There are 2 protein chains.
Amino acid sequence: MSGGVEWALHCCVALTSAEAPVPAARLAHLHDVSPTYLAKQLQALSRADLVRSVQGKAGGYILTRSPAQITVLDVVEAVDGPGPAFICTEIRQRGPLAVPAQSCTAPCVISRAMADAETAWRNALRTTSIADLARDVDADARSDISSWLNGAGA
Amino acid sequence: MSGGVEWALHCCVALTSAEAPVPAARLAHLHDVSPTYLAKQLQALSRADLVRSVQGKAGGYILTRSPAQITVLDVVEAVDGPGPAFICTEIRQRGPLAVPAQSCTAPCVISRAMADAETAWRNALRTTSIADLARDVDADARSDISSWLNGAGA
DNA sequence: CAATACTCGGATATTTTATGTCCGGGTCAA
DNA sequence: TTGACCCGGACATAAAATATCCGAGTATTG
């Protein structure tokens, strides 16, 4: 699991309290992380159309839609890639007892068990939205972030 | 997700059809994979007490208990490690708006969402046993594997 | 309208992890 | 006692994640 997922999620939650575009450098300063590497994660979010990037002097990143419409799964898939974590290499078709490809119409049992587990994982991530995360953050902290982002900052 | 998990699972299923210890080299030949690297995975299974290694001339690996008593989760945790895939670095305690450590009694919201998803994933893997996997394998193929393992082999 | 300052975006190094390999210690069989 | 075989941990290599830099573009601003 890529560690950048944590940064991306925190950024999305922070952007909930922003009304103007926020530069990547400011988000990096807020979380005290590498500015250039955080930019890479934000680019991934931009490619997935979760955030919209505006350029120019007063540019930065903003959420493309309501936080309630963005699930945690969306962010994870944007950063870590949409593909499954477990990839079946079709071992059953190899070795001295290889089963012919024509008999492999259904996916192998192991592959299916892993896929089912990943589906459960995805479903769990899908049930939580960025709005849900922001709602559970302490009210004081959210207020501080809002003023820090919209104001001059430290 | 480590690719060796797939190898380990296939080995466990194959060992279901074995009545005598099977050397790692033979399992590698059966699946046509790197013998030395497969040995590493089997060592992990041995450390987790899922398989028992017997040394000497007629040595090899055997399952320590009934296939019904070994879950897919056991194998995955043995190979990939028992720790969670997502590790919270406590970003909320960093940066200019860092919240004091004394206020962080409960885990952060993002960490909890990820942990819940992983729990769902683990529960799914726990419901499937090695015996379940073996049961769903084609009867002919299982018979072939049994004779290949217990007989002289190719 | 031109210059400018600030932003994102992709191409580029470095470090960590996973992958693959090797040889020595130990054990059972003969 | 001898021998051969097997496992176990220590050692290279390859891939990926992490961290970084410089160029392309745009809205501001004089």
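What you are looking at is a predicted structure, and each value in this text was computed from that prediction instead of being measured. Residue numbers start from 1 in every chain, and the chains themselves are labelled A, B, ... in the order their sequence lines are given, proteins ahead of strands.
In terms of modelled atom types and a separation under 3.5 Å, the side chain of B:T128 and the main chain of B:L125 share no donor-acceptor contact. One N or O on the side chain of A:T119 and one on the backbone of A:A115 form a donor-acceptor pair closer than 3.5 Å.
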Give the intermediate values and the outcome of side chain to side chain donor-acceptor pair (under 3.5 Å) for residues A:D74 and A:T71.
CA-CA 5 Å; A:D74 289 331; A:T71 70; 3.1 Å; yes
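Of the residues in residues 39-64 of chain A, those placing a heavy atom less than 4.0 Å from an atom of DNA chain D are A:K40, A:Q55, A:G56, A:K57, in numerical order.
When all heavy atoms of B:T64 and B:R52 are compared, the pair lying nearest together is CG2-N, 3.4 Å.
The distance from atom CG of B:L38 to atom P of D:dC7 is 10 Å, rounded to the nearest whole Å. Per the geometry, CD1 belonging to A:I87 stands 13 Å off C1' belonging to C:dA18, to the nearest Å. Rounded to an integer number of Å, the gap from A:Y37 OH to D:dA16 C1' is 10 Å.
When heavy atoms are screened at a 4.0 angstrom cut-off, B:S34 is found touching the sugar-phosphate backbone but no base atom. Using a 4.0 Å heavy-atom distance criterion, B:A24 is classed as a sugar-phosphate-only contact.
Comment: A:E118 engages A:R122 in a salt bridge, judged by a side-chain N to carboxylate O separation of less than 4.0 angstrom. No salt bridge links B:D138 with A:R92; every basic N to acidic carboxylate O contact stays at or beyond 4.0 Å.
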